Each structure stands twice: as C-alpha cells, then as structure tokens.
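Working notes for the structure below.
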Amino acid sequence: MIATQRTLAAVLFIAANAVFGDAQVQIASEKGSGRESTGKHFVLPANKDTAQWGWLDPKEKPKVFVDSGDTVSIETLRHSMDEIKPGASIEEIVKLRLANPGGGPHSVTGPIYVNGAEPGDTLEIRILKIVMKESGFNFNLPGKQFPTIGLLASEFPEGHVQYFKLDPETMTTEFKPGVILQLKPFPGTIAVGPDPNEPKEKAGPPIHDAKGRTSTLRPWKNGSNMDVNELQVGSVLYFPVFQKGGLIWTGDSHCLQGNGEVNLTALECSYKEIEIQPIVRKDLRIDWPRAETTTDWIFMGFDEDLNEAMRIAVRETVNFLAEQKIVPMSREEAYSLTSMVGDCRVSQVVDIRKGVHCMIPKSIFTKQ
C-alpha cells in the first residue's frame, strides 16, 4: 500500500513537470518501493518542544533541516496541544479556546527548514503517507458565547461535542448506530512561513500578536488553515515561498470533512505520521497555493468575502489554463473552459477568511 501511494506521488510529479515547469528533481523513496533512494528520511515527533499552539513564528527555531527531495514523517497533536482528549466536556473546550486569545486552536508541528528554499521560489510538497491515531472529535462552540463562530451559531446556543473511535483497518468510524462514515484523512493546516506583506485583518482578532507571530486562524497565500479536503495521500501542493528555508508546519489534522466545514470543525484527529516530500522549485513562480491529485488540478482563493475568494480561485484557474503548454489556448478560451468544466467548491466558511478551490479535470486533455 505504501509503495502504491508513493507511485501515485511519482506519477503526479512527472505530470507536474510537464505542466508546472522543466526542473528535473530526483525522488527520495523508501526501501522496497521499486525506485532508487536518493534522499534522506527524517522523523519529527510532536511534543512541547516541536509543536506550537495556534501561531506560526518565522523566528521559531527549525526542528529539522532537510534537503530538497528528502522525506519527513511528522507526528501531529490534537487541538490545544493535545488537551482535547476523549471525554473532555464542551465547557473544558471553551476554556481552552479562551486560553489562547487571537491564536488558533490548532497544534502545529514544525517548522521544517528546506535547504535552498528562498523567497520567490515555489515549494512543492508531496503527501506520501498518512497514518492516523485512533480517536477523533467534532464540536461546535456555544453560539450564545461565540455568536459569529460557525455558520448557524445563533441556532445552537449551547454547543456540542462528539468523540469517535477511528478504525484504521476499515478506514471507517461510527457516527451513531446506523451511520458509518468512510474516513478520508488530510491536513487541515499545512503552511509555509508567513507572508510578510499579508494584508491587515478585515474581521476577527488581529493576525499578528505582540511577538510578531501569525495566527493559524486564517488561510492565506502561505497556506495555513486551508481545509481543502482534496489534499489526501497522493496529492501534491505548491506554495509560494516567503521565508528563507520555506519553513513548513502541519497540524489541525482531519480524518474527514465536508466542503464548507459548516459547524466550525471537521472530524478532527491527529496523526502518528504524515510523510511529506518537499521539493524546491526554482523554475516556477506562483502567487497563491495550488495543488493536484491524480485526477484534477486545484486552484485556491481566500478572502473574508466569499465572492472575492471565488474570483481569486477562478482567476488562478484561468491563468493556469492560459499558460499551460499541453494544449495552448488564449485567455478567452481559458475563461470559457473554466466556465464549462471548472468545479469550484466552497472549502470552508468558518476560518474568518473563507476559501474556494476550483478543480480542473486532467481527463479533458487528450493530448499528453
């Protein structure tokens, strides 16, 4: 299974080379995967020294230094530095949420420093493997206390929390008797170092604290709290680099989420391991995060105004189609094609900055 996941990643990389640039990069691999191993493998556990609660700080000392093409297995924690354990009451969750004003609830492991990554580069990150821990939860905060958090906050004044036992063998969990959910793990938050030119907040608490750290509450050009549920094993992400070394964090691990994430949380969980492979791309310049799976190219937009988030995602999609070399087309043709086949989905509406991701199916291109 692991070899299959890595083969998918390799196929994606070959496709990405054809579409996203000409750089040739050797692929690090695991013994037995059928490919030559050319990079090192690192393990980054999650603990009080390697994880942070709700803030991304470019001055945080890197926890591991890697070369482009190396692989890293990262452990993640549940929210609030693993304090939201099975059985915690909604009152305890509220106390934890209030204990970190301005910061996100997310526990993020990192940063990982990628040698050679410089501002202006693109960091390609392949998701090679996810091994989840075996408990998860979902909650909505009390609407009477948090009237703007969650799409229908005023209709749920008391708040609610549920805990779930996750079965890694069947990749399912029981929501309640008679309702079985198929698990689809992906990182709710994966980020590179913050954008120093990120605009001032339009809503919600300040983006930065007195120490200059950036809250994990909002998604932005550096990724962070994107909540794009397509970013499962075998997907490839692309981020513009803003900080020397790239600086990669991940956390807010999800085991299942519907588009919109409407009550505030997904099926929140944590990972024994999420294995990634970062690649420094000197041949590619992008303004916003993008991704690809075996079936689709994905373009993202984030803004407090959902319509503006949609415009950004659509514009990024049109730009890509007008610039790709598989089948050259005009910008007008790209706009038309996006309207006919682009599947634009609301990633989430609960992270202050709302998210939209537009998907273009690779299958429409018969000339490869």
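Being a predicted model, the structure only gives us computed values, none of them experimental. Atom set for the values below is all heavy atoms of this structure, side chains included, hydrogens, waters and symmetry mates excluded.
In this structure, I248 and I276 have side chains that are in contact, with non-hydrogen atoms separated by less than 4.5 Å. Contact of the P185 side chain with the H254 side chain is not registered, since no non-hydrogen atoms from C-beta on lie closer than 4.5 Å. Residues L141 and F139 have side chains in contact (heavy-atom distance under 4.5 Å, counting atoms from C-beta outward). Side chains of N259 and N229 form a contact here, defined as non-hydrogen atoms less than 4.5 Å apart. Using a 4.5 Å heavy-atom cutoff, the side chains of C269 and K133 are not in contact. By the 4.5 Å heavy-atom criterion applied to side chains, I112 and I74 are counted as neighbours. You'll find the side chain of I279 stays beyond 4.5 Å of the side chain of L123, heavy atoms only. In this structure, the side chains of F137 and H79 come closer than 4.5 Å at one or more pairs of heavy atoms.
Look at K211 and D209 and you find no salt bridge, because none of the NZ, NE, NH1 or NH2 atoms lies under 4.0 Å from a carboxylate O. Here R213 does not pair with E60 in a salt bridge; the nearest charged N to carboxylate O distance is not below 4.0 Å. The pair D70-K40 fails the salt-bridge criterion, with no side-chain N (NZ, NE, NH1 or NH2) lying under 4.0 Å from an Asp/Glu carboxylate O. Electrostatic pairing of K95 and E92 does not count as a salt bridge here, judged by no charged N lying under 4.0 Å from a carboxylate O. In this structure, R126 pairs ionically with E124, as a charged nitrogen and a carboxylate oxygen lie closer than 4.0 Å. The existence of a salt bridge linking R345 and E230 is confirmed by a sub-4.0 Å separation between a basic side-chain nitrogen and an acidic carboxylate oxygen. With respect to the salt-bridge test (charged N to carboxylate O, under 4.0 angstrom), the residues K165 and E174 do not qualify. The pair K144-E158 meets the salt-bridge criterion, with a side-chain N (NZ, NE, NH1 or NH2) lying under 4.0 Å from an Asp/Glu carboxylate O. Salt bridge annotation for K244-E118: present, with a cationic side-chain nitrogen under 4.0 angstrom from a carboxylate oxygen. Looking at R353 and D351, no side-chain N of the basic residue comes within less than 4.0 Å of a carboxylate O on the acidic one, giving no salt bridge.
The two atoms that bring I130 and V233 nearest to each other are N-CG2, 3.5 Å, heavy atoms only. For the residue pair M300 and H357, the shortest heavy atom distance occurs at CG-CB, 4.2 Å. Scanning all heavy atoms of the two residues, the minimum distance from M359 to P361 falls at O-CD, 4.0 Å. Taking each heavy atom of P240 and P289 in turn, the nearest pair found is CD-N, 4.3 Å. Nearest approach of W55 to H208, heavy atoms of both residues: CZ3-C, 4.3 Å. Closest of all the heavy-atom pairs between S347 and Q257 is O-NE2, 3.4 Å.
Counting heavy-atom neighbours within 6.0 Å of K176 NZ, excluding the residue itself, gives a total of 12 or less. Other residues, nucleotides and ligands contribute over 12 non-hydrogen atoms within 6.0 Å of the NZ atom of K202. Counted within 6.0 Å of OH on Y335, heavy atoms from surrounding residues, nucleotides or ligands total 12 or fewer; the atom is thus considered open.
Checking side-chain atoms of S253 against main-chain N and O of P187 turns up no donor-acceptor pair under 3.5 Å. Proximity of a side-chain donor or acceptor of Q324 to a complementary backbone N or O of I326 within less than 3.5 Å is detected. Remark: the backbone N or O of P194 is paired with a side-chain donor or acceptor of Q243 at under 3.5 angstrom. Side-chain atoms of S68 come within 3.5 Å of backbone N or O of V280 as a donor-acceptor pair. A side-chain donor-acceptor contact under 3.5 Å links R285 to the backbone of G120. Judged by distance alone, the side chain of T122 and the main-chain N or O of L284 form a donor-acceptor pair under 3.5 Å. Put simply, the side chain of T50 gets close to the backbone of P45: a donor and an acceptor are under 3.5 Å apart. Between the side chain of E155 and the main chain of L152, no donor-acceptor pair closer than 3.5 Å is present. A donor-acceptor pair under 3.5 Å links the side-chain atoms of N100 to the main chain of W53, judged by distance alone. Judged purely by atom type and a 3.5 angstrom limit, T250 uses its side chain to pair as donor or acceptor with the backbone of T189.
Within the model, atoms CG of L247 and NZ of K63 stand 11.0 Å from one another, a figure rounded to the nearest 0.5 Å. D82 CG to S107 OG: the interatomic distance, rounded to the nearest 0.5 Å, is 6.5 Å. Here the CG atom belonging to L183 is positioned 6.5 Å from the CG atom belonging to L256, to the nearest 0.5 angstrom. A distance of 9.5 Å separates CG in L231 from OG1 in T293, rounded to the nearest 0.5 Å. Distance check, rounded to the nearest 0.5 Å: CZ of R331 to OG of S336 gives 13.5 Å. Atom CD of Q52 and atom OG1 of T216 lie 10.5 Å apart (nearest 0.5 Å).
Connection of L306 to L217 is not established within any shared hydrophobic cluster, with ILVMFWY side chains joined at heavy-atom distances below 4.5 Å, either directly or through further cluster members. Cluster membership for V346 and V228, using ILVMFWY side-chain heavy atoms within less than 4.5 angstrom, is not shared. Hydrophobic clustering, with ILVMFWY side chains joined whenever heavy atoms are under 4.5 angstrom apart, groups I190 together with V192. When the side chains of ILVMFWY residues are joined at heavy-atom separations under 4.5 Å, either directly or via intervening members, Y113 and W249 end up in a single hydrophobic cluster. Under a hydrophobic-cluster definition in which Ile, Leu, Val, Met, Phe, Trp and Tyr are linked whenever side-chain heavy atoms come within less than 4.5 Å, directly or via other members, V350 and L267 are assigned to different clusters.
Judged purely by distance below 3.5 Å, without hydrogens or angles, the side chains of Q182 and T172 never pair a donor atom with an acceptor atom.
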* Start with the C-alpha distance between R78 and S135, add both sets of side-chain angles, then the distance that settles side chain to side chain contact (heavy atoms under 4.5 Å, CB included), and finish with yes or no. => CA-CA 10 Å; R78 291 166 294 203; S135 69; 3.2 Å; yes

Exercise. Run the side chain to side chain contact (heavy atoms under 4.5 Å, CB included) check on I84 and L96 step by step: do they pass?
Worked result: CA-CA 8 Å; I84 301 185; L96 288 165; 3.8 Å; yes

task = Would you please test K221 and D195 for salt bridge (charged side-chain N to carboxylate O under 4.0 Å, His left out) and show each step?
result = CA-CA 7 Å; K221 292 182 178 182; D195 173 9; 5.1 Å; no

Evaluation steps, side chain to side chain contact (heavy atoms under 4.5 Å, CB included), between V161 and N138: CA-CA 6 Å; V161 61; N138 172 272; over 6 Å; no

Side chain to side chain contact (heavy atoms under 4.5 Å, CB included) between D252 and D227, intermediate numbers included: CA-CA 9 Å; D252 183 29; D227 292 325; 3.5 Å; yes

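Aromatic pair W220/W288: ring centres closer than 6.0 Å.
Using cut-offs of 30° and 60° for the angle between ring planes, the W297 and F320 rings count as tilted.
Of the listed residues (I125, I286, I298), just one forms a side chain to side chain contact (heavy atoms under 4.5 Å, CB included) with Y238, and that residue is I286.
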